[in-house]
Amino acid sequence: MTTSPLFPGFDGLMTLSRREGVDIRPTLLRVLTDLYVQATRHSYDEERQFVELTSRLIDEVDDATRAAVRARLAIYPGTPAEVMKKLGLKPSHPDQVVPAASEIPSPPPAPPQVKPLSEAQLRMQSSLSMRPRDAAEINDMFFAAAAGERALILHNLADTPLKASARIPAARAARAIQILEMAAFAADVENFTLEIGEALILPSRVAAQVVNDPGGEPLACALKALDMPGAVFQRVLLFLNPEFGSSVHQVYRLSRLYDRLSERSALVMLAAWRGSTMAVARAKYQSALYDDERHRARAAAPQPRVVPQQPGTGVITRTGS
């Protein structure tokens, strides 16, 4: 079957869903339905593929997933007749007019709070090079920000004059992508984190922080730095963490972020991660090395000053008989 651009990679995911211990059929059906109802019209091939995929999944998912999909497709005017029959839905009469719901008034937008720019943000807008201290501030600012603020930071990094890290060699990146995809399919977070650290030359502490971040934006930056294809990135999201992959909203949000994320933004963030480790190392050893000789020198007891005597003024002490 020819795969339509609307549903990339779903045939491979269907094969993986039949593996023992890996059940992503509820998530696949939800994602497939949400993708289908986003468009008002579909071609013949798209409709045929949607019918084939959903017909196989509807009988294999739980009741809660089937009810959620049934509710979405019941109000969608372009639901195929085969799928409606499969879900027990009745086709609407062509003369039946559905009353339009009244528009929900949107709350007035809150006035934007203007915050003073931090030193790291000012340096991001300047032409100065990134130092370890600046890299540490950018790193801390990124991990402490919310999802919307992280997306804005990554968007601004694309135009900043900060020096980005060099690209990962193509052969090394291809091998890393293959290893990461296999580790994600097995839900092996430990080996996944180890490969991220080795491929991007990151310490284990930073690699674990990138992989285990609950938002997922650092992981998107790391995989974009490896130039991982978007379809592979979606499969990694679905399999690496079952709790994370079961959230359709999270998978969609990160997929859109990954498609819009530029390679330069990811490489600049990679440079910030590497530079922040240098700042941590300097802070760790500064107290022991900085001005070490002066602080460790022992205070010597003051020696009395010897005053030379003038000739003829000394007292001769007689010894003996």
Side-chain angles (χ1 to χ4, degrees), residues 110-168 173 192-228 233 244 250 253-254 256-292 295:
Q113 298 180 358
V114 180
K115 297 180 180 180
L117 297 178
S118 63
E119 183 179 352
Q121 291 173 324
L122 292 174
R123 190 171 295 277
M124 288 172 61
Q125 298 179 357
S126 65
S127 59
L128 299 177
S129 60
M130 188 188 309
R131 295 180 297 182
R133 179 182 175 184
D134 305 324
E137 291 183 2
I138 295 174
N139 176 72
D140 296 341
M141 178 177 61
F142 179 74
F143 278 102
E149 296 173 348
R150 287 180 174 182
L152 183 59
I153 291 174
L154 293 175
H155 176 72
N156 292 332
L157 286 180
D159 300 328
T160 183
L162 295 175
K163 185 178 180 180
S165 297
R167 291 181 177 178
I168 309 300
F192 189 93
T193 306
L194 181 63
E195 182 61 24
I196 283 285
E198 292 181 354
L200 299 180
I201 317 176
L202 292 174
S204 57
R205 175 186 62 83
V206 179
Q209 187 180 14
V210 169
V211 175
N212 298 323
D213 184 85
E217 293 86 1
L219 181 61
C221 287
L223 299 183
K224 178 64 75 169
L226 292 172
D227 198 18
M228 175 178 284
F233 175 72
F244 189 89
Q250 287 283 69
R253 181 181 63 84
L254 289 177
R256 289 194 299 266
L257 174 67
Y258 193 81
D259 293 338
R260 299 174 182 176
L261 181 62
S262 65
E263 183 186 22
R264 172 170 170 76
S265 298
L267 293 177
V268 171
M269 183 56 64
L270 177 60
W273 289 338
R274 292 174 178 174
S276 64
T277 60
M278 298 175 58
V280 172
R282 289 185 179 182
K284 180 178 179 181
Y285 294 105
Q286 184 177 5
S287 59
L289 299 178
Y290 174 70
D291 208 5
D292 187 61
H295 287 285

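Values reported hereafter were calculated over all heavy atoms of this structure, with side chains retained and with hydrogens, waters and symmetry mates removed.
Residue pairs meeting the salt bridge (charged side-chain N to carboxylate O under 4.0 Å, His left out) criterion with at least one partner in residues 219-228, sequence neighbours excluded, do not occur; the list is empty.
Counting all heavy atoms, side chain and backbone alike, Ala136 lies closest to Ser276 at CA-CB, 3.7 Å. Between Ala207 and Ile196, the closest heavy-atom pair is CB-CG2, 4.3 Å. Pro214 and Gln250 get closest at one heavy-atom pair: O-NE2, 3.9 Å. Shown here for Ala199 and Leu226, the closest heavy-atom pair between the two residues is CB-CD2, 4.1 Å. Nearest heavy atom pair, residue Ala166 against residue Leu267, reads O-CD2, 4.1 Å.
Between the side chain of Arg274 and the backbone N or O of Leu200 there is at least one donor-acceptor pair closer than 3.5 Å. With Asn139 contributing its side chain and Ala135 its backbone, the two residues share no donor-acceptor pair below 3.5 Å. Between the side chain of Arg150 and the backbone N or O of Phe143 there is at least one donor-acceptor pair closer than 3.5 Å. The main-chain N or O of Ala158 is found under 3.5 Å from a side-chain atom of Ser265 such that the two form a donor-acceptor pair.
A distance of 6.5 Å separates CG of Leu157 from CD1 of Ile138, quoted to the nearest 0.5 Å. To the nearest 0.5 Å, the span separating OG1 on Thr193 from CG on Asn212 amounts to 5.5 Å.
No side-chain heavy atom of Phe142 sits under 4.5 Å from any side-chain heavy atom of Asp213.
With sequence neighbours excluded, the residues forming a ring-ring contact (aromatic ring centres under 6.0 Å, His included) with Phe233 are Tyr258, listed by chain and number.
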Exercise for review: Any chance you could lay out the side chain to side chain contact (heavy atoms under 4.5 Å, CB included) test for Arg260 and His155, step after step, and finish with the verdict?
Suggested key: CA-CA 9 Å; Arg260 299 174 182 176; His155 176 72; over 6 Å; no

